[in-house]
Amino acid sequence: FGMFATTDGTAARYVRLFVEAPERSEEIDVRPSMEEAAARARLFPARWLTRQLAHAVVARERRHGRPVSTVRVQVWRIRYAPDTLSAYNSLLHEDAFHVDPLGRVD
């Protein structure tokens, strides 16, 4: 069974989202409306999938009347030190997307 074991499954990965706008810079939680896009980005952190997640972030923020000029998507993974087996977080992928006044993501 060991040959099918991995420590790099989606359970060992997580997404962090950051939103910036004039007078606003904050990390936001993955909300239910973004969960499917976040799961896809977590599984395969490619720019086209992180862009889909950024679209979901912009749509939600605009629905709630909050401005967005930039969305930053980070995918992190938990790794283990080979000598001590202690866990630590490692940035796997990061993308930043600019948002135009109409809400389009570059």
Side-chain angles (χ1 to χ4, degrees):
F1 293 105
M3 67 187 226
F4 298 109
T6 183
T7 59
D8 188 29
T10 55
R13 293 183 181 187
Y14 59 96
V15 171
R16 294 181 71 187
L17 302 171
F18 301 89
V19 174
E20 296 177 13
E23 302 195 25
R24 177 182 186 205
S25 180
E26 64 184 297
E27 182 173 1
I28 63 170
D29 293 330
V30 175
R31 306 303 301 170
S33 62
M34 307 172 207
E35 189 57 49
E36 184 175 333
R40 290 178 182 186
R42 194 170 52 243
L43 177 63
F44 184 65
R47 185 167 175 82
W48 67 279
L49 288 171
T50 58
R51 180 182 285 122
Q52 287 180 357
L53 178 53
H55 278 288
V57 170
V58 170
R60 183 176 194 285
E61 293 300 296
R62 289 175 63 97
R63 274 195 311 272
H64 291 279
R66 295 186 287 256
V68 180
S69 59
T70 303
V71 176
R72 196 161 33 101
V73 178
Q74 295 179 339
V75 179
W76 290 77
R77 68 184 276 194
I78 299 170
R79 292 186 173 215
Y80 299 91
D83 52 343
T84 63
L85 297 181
S86 60
Y88 64 95
N89 298 314
S90 174
L91 181 62
L92 184 61
H93 185 87
E94 180 175 24
D95 283 313
F97 300 96
H98 298 286
V99 181
D100 72 12
L102 298 176
R104 293 180 296 214
V105 177
D106 74 359

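For the numbers below, each heavy atom of this structure counts, side chains included, while hydrogens, waters and symmetry mates do not.
Looking at Leu91 and Gln74, their side chains come closer than 4.5 Å, going by heavy atoms from C-beta outward. At a threshold of 4.5 Å between non-hydrogen side-chain atoms, the residues Glu94 and Val75 do not count as touching. Within the 4.5 Å cutoff, the side chain of Thr70 has no heavy atoms near those of the Val19 side chain. Taking 4.5 Å as the limit, some side-chain heavy atom of Pro45 sits within range of a side-chain heavy atom of Arg13. Counting heavy atoms from C-beta outward, Asn89 and Ile78 have side chains that approach closer than 4.5 Å.
Between the CZ atom in Arg77 and the OG atom in Ser90 there is a gap of 6.5 Å [rounded to 0.5 Å]. Annotation: the span from Phe97 atom CZ to Arg72 atom CZ amounts to 12.0 Å, rounded to 0.5 Å. Atoms CG and CG, from Leu17 and Leu53 in turn, are 5.0 Å apart once rounded to the nearest 0.5 Å. Atom CG in Asp106 sits 6.5 Å away from atom CZ in Arg51 (nearest 0.5 Å). The CD atom of Glu20 lies 10.5 Å from the CD atom of Glu26; values are rounded to the nearest 0.5 Å.
Two different hydrophobic clusters hold Tyr14 and Phe18 under the rule that ILVMFWY side chains link at heavy-atom gaps under 4.5 Å. One hydrophobic cluster, built from ILVMFWY side chains closer than 4.5 Å, cannot hold both Val71 and Leu49; they sit in different ones.
Nearest heavy atom pair, residue Ser69 against residue Ala21, reads OG-CA, 3.2 Å. The shortest heavy-atom contact between Ala81 and Tyr88 is N-CE2, 3.7 Å.
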For residues 33-41, which side-chain N or O atoms pair as donor and acceptor with protein atoms under 3.5 Å away, sequence neighbours left out?
| from | atom 1 | to | atom 2 | distance (Å) |
| --- | --- | --- | --- | --- |
| Glu36 | OE2 | Arg40 | NH2 | 2.7 |

| said: Could you go through Thr50 and His93, starting from their C-alpha distance and side-chain angles, then the distance that decides it, and tell me whether this counts as side-chain contact (heavy atoms from CB on, under 4.5 Å)? | reply: CA-CA 9 Å; Thr50 58; His93 185 87; 4.0 Å; yes

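Take Glu61 and apply the side chain to side chain donor-acceptor pair (under 3.5 Å) test, not counting sequence neighbours, and it matches Arg24, Arg66.
In this model, no donor atom of one side chain and acceptor atom of the other lie less than 3.5 Å apart for Asp100 and His98.
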